[in-house]
Asker: 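Got a structure here, written out as structure tokens. Questions coming.
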Amino acid sequence: MLEVTSLHKRYGELVAVREVSFAVQPGEMVGLLGPNGAGKTTTVSMIAGLLEPDGGEVRIEGASVRGETDPVKRRMGLVPQELALHDELSARENLVLFGSLYSIKGAALRRAMDEAFEIAGLTDRAGDRVATFSGGMKRRLNLAAALLHSPTILLLDEPTVGVDPQSRNAIFSNLESLKAQGKTLVYTTHYMEEAERLCDRVVIVDHGNVIASGTLDEVRRLVPAANVLEIEVENPGVDGWCGALREMDGVDSAEPAGLTLRVTVRDLARHSPDVLGWLRDHGYRCSHISSERADLETVFLALTGRSVRNQ
């Protein structure tokens with residue numbers, strides 16, 4: 001449905017986006033993740049046709065997106081990072097304005113607005129001025145405006161910034177429903193737990209480059225040090241007793257501490273049976289086994305660093 005190929009954008013000496021490529025299928029959500037200044041919003045702006053790339057291409061069902069007025073852009077809806085609403089107008093007047101931009105009028109516009117308000121959970125506040133809305137309500141109305149013309153592709157640039165937990169959950173439910181309907185979604189966020197809940201795949205960018213891409217499981221495997229088996233051994237050996245275990249394929253470390261053995265493996269599912277088999281074959285009795293796996297935040301920090309970014 002959406003193909004992004006070798007997008008490149010430079011501002012003077014600064015390369016904001018460097019050869020970014022990924023594809024998204026119908027009914028799939030891809031998370032575009034990265035620190036401040038990584039190039040996420042620039043990438044979304046180029047996909048939406050708001051910013052002309054210096055190189056590369058965006059294709060929707062095989063058709064290239066060419067500039068701001070390309071008709072193929074009607075297939076896309078954009079939920080921008082900054083709220084695109086008029087506070088002094090009512091919620092309904094805001095949607096009428098957006099509808100006019102898409103040449104939606106009359107009964108078709110009324111149906112589209114009713115559906116958008118229903119999705120956003122704002123039917124009972126449609127006649128109220130947006131200035132009276134909470135931050136979470138404004139975010140939901142921002143989403144409703146992007147859905148008004150029934151796009152097949154939805155671009156969401158940090159759509160939950162500053163919202164309350166109830167509004168965040170409502171937005172999540174809406175996006176899961178849209179994905180179930182076959183919509184194609186690209187989702188940028190700083191919140192790793194959001195990406196873990198919502199996204200089928202993630203693309204992590206840093207300094208304009210793609211540094212990791214794949215399913216959550218594929219990306220987690222990039223940080224093998226977080227795949228840890230903790231094993232209680234009833235009869236540990238003397239010093240150096242598990243040295244041979246470190247030589248096994250797939251084992252990165254094995255550190256005993258009293259009756260507890262911590263073993264770091266590259267792939268929990270693949271290599272854990274080998275570790276347990278080695279202990280059994282060498283006569284060690286295991287009384288308790290637990291494991292821990294890298295979450296997306298651990299992977300993200302390992303790949304991008306822990307230093308605070310100011311730009």
Side-chain angles (χ1 to χ4, degrees), residues 32 36-37 40-52 65 67-71 73-178 181 183 185-191 194 198 311:
L32 187 60
N36 289 332
K40 303 186 301 298
T41 296
T42 301
T43 298
V44 169
S45 297
M46 288 190 286
I47 294 171
L50 300 175
L51 188 63
E52 184 176 357
V65 177
E68 293 188 11
T69 59
D70 193 324
K73 287 181 56 183
R74 295 181 68 89
R75 305 290 302 277
M76 290 190 285
L78 173 64
V79 182
Q81 189 176 138
E82 300 296 330
L83 292 170
L85 302 169
H86 294 273
D87 278 353
E88 297 309 310
L89 299 180
S90 70
R92 184 172 296 279
E93 288 168 336
N94 268 275
L95 292 196
V96 168
L97 173 60
F98 281 101
S100 69
L101 298 177
Y102 291 107
S103 301
I104 309 173
K105 303 175 182 178
L109 176 59
R110 289 191 293 273
R111 285 194 301 272
M113 289 195 298
D114 288 345
E115 291 176 6
F117 281 130
E118 181 67 26
I119 291 172
L122 292 171
T123 301
D124 60 337
R125 298 294 301 272
D128 296 346
R129 284 192 310 128
V130 171
T132 66
F133 284 12
S134 68
M137 292 168 65
K138 289 181 179 180
R139 286 287 173 188
R140 284 184 277 145
L141 183 59
N142 217 35
L143 174 60
L147 294 171
L148 199 60
H149 61 298
S150 299
T152 54
I153 298 171
L154 194 60
L155 309 175
L156 303 112
D157 193 3
E158 299 189 37
T160 63
V161 171
V163 307
D164 57 272
Q166 290 81 4
S167 288
R168 181 175 288 116
N169 282 331
I171 290 172
F172 290 169
S173 296
N174 293 337
L175 297 181
E176 288 167 341
S177 176
L178 292 168
Q181 295 171 27
K183 303 288 188 184
L185 300 101
V186 176
Y187 189 95
T188 81
T189 181
H190 285 297
Y191 303 124
E194 292 187 1
L198 296 171
Q311 59 179 5

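Treat the numbers as computed from the prediction; the structure is a model and nothing was measured.
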Asker: Would you indicate whether the side-chain heavy atoms of R139 and V161 approach each other to under 4.5 Å?
Answerer: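 Of all side-chain heavy-atom pairs linking R139 with V161, at least one is under 4.5 Å.
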Asker: Output yes when a side-chain donor or acceptor of N94 lies under 3.5 Å from a complementary backbone atom of H86, and no otherwise.
Answerer: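 Confirmed, N94 side chain pairs with H86 backbone.
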Asker: Between atom CE of M137 and atom CG of L85, what is the distance when rounded to the nearest 0.5 Å?
Answerer: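 Between atom CE of M137 and atom CG of L85 there are 11.5 Å.
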Asker: Counting only N and O atoms by type, is there a donor-acceptor contact under 3.5 Å from the side chain of S45 to the main-chain atoms of L50?
Answerer: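 Judged by distance alone, no pair lies under 3.5 Å.
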Asker: May I ask you to check whether over 12 heavy atoms, not counting those of Q181, lie within 6.0 Å of atom CD?
Answerer: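 Yes, the 6.0 Å shell around CD holds more than 12 heavy atoms from other groups.
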Asker: In Å and rounded to the nearest 0.5 Å, what is the CG to CG distance from D157 to L78?
Answerer: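 Going from CG on D157 over to CG on L78, the span is 7.5 Å.
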Asker: Nearest 0.5 Å, what's the CZ-CG distance between R92 and L95?
Answerer: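 Reported to 0.5 Å precision, the distance equals 8.0 Å.
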Asker: Okay, side chain of H149, backbone of M76: is any donor-acceptor separation there less than 3.5 Å?
Answerer: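 Indeed, once roles are kept as given, a pair shorter than 3.5 Å links the two residues.
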Asker: Is any side-chain heavy atom of H190 less than 4.5 Å from a side-chain heavy atom of N36?
Answerer: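 Contact flag for H190/N36 side chains = yes.
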Asker: For the pair S167 (side chain) and D164 (backbone), establish whether a donor and an acceptor sit closer than 3.5 Å, ignoring hydrogens and angles.
Answerer: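 The answer is no, because no donor-acceptor pair under 3.5 Å joins these two groups.
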Asker: May I ask you to decide if P151's main-chain N or O and K183's side chain share a donor-acceptor pair within less than 3.5 Å?
Answerer: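 Confirmed, K183 side chain pairs with P151 backbone.
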Asker: Pairs under 3.5 angstrom only: tabulate donor-acceptor contacts from the side chains of residues 99-123 to other protein residues two or more places apart or in another chain.
Answerer:
| from | atom 1 | to | atom 2 | distance (Å) |
| --- | --- | --- | --- | --- |
| S100 | OG | L97 | O | 2.6 |

Asker: Nearest 0.5 Å, please: how far is CG in L156 from CG in L32?
Answerer: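 One finds 11.5 Å between CG of L32 and CG of L156.
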Asker: Apply the test side chain to side chain contact (heavy atoms under 4.5 Å, CB included) to residues L154 and V79: give CA-CA distance (whole Å), side-chain angles for both, the deciding distance (0.1 Å), then the verdict.
Answerer: CA-CA 8 Å; L154 194 60; V79 182; 4.3 Å; yes
Asker: Distance check, rounded to the nearest 0.5 Å: L178 atom CG versus T152 atom OG1?
Answerer: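 L178 CG to T152 OG1: 12.0 Å, rounded to 0.5 Å.
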Asker: So, N142 side chain and A84 main chain: donor-acceptor pair closer than 3.5 Å or not?
Answerer: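 Yes, N142 side chain to A84 backbone: donor-acceptor pair under 3.5 Å.
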Asker: Set out, in order, the CA-CA distance, both residues' side-chain angles and the distance that settles side chain to side chain contact (heavy atoms under 4.5 Å, CB included) for T188 and Q81, then state yes or no.
Answerer: CA-CA 9 Å; T188 81; Q81 189 176 138; 5.6 Å; no
Asker: Rounded to the nearest 0.5 Å, what's the gap from CG on L141 to CG on L83? Could you check?
Answerer: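 Nearest 0.5 Å value for the CG-CG distance: 9.0 Å.
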Asker: Within the structure provided, determine whether L198 and E176 are in side-chain contact (heavy-atom separation under 4.5 Å).
Answerer: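 Answer yes - side chains close enough.
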Asker: Using every non-hydrogen atom in the two residues, find where F133 and R125 come nearest and quote the distance to one decimal.
Answerer: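 Nearest heavy atoms, F133 then R125: CZ-O, 3.5 Å.
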Asker: For a 4.5 angstrom cut-off between non-hydrogen side-chain atoms, does V163 reach R140?
Answerer: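 SC-SC contact between V163 and R140 ruled out.
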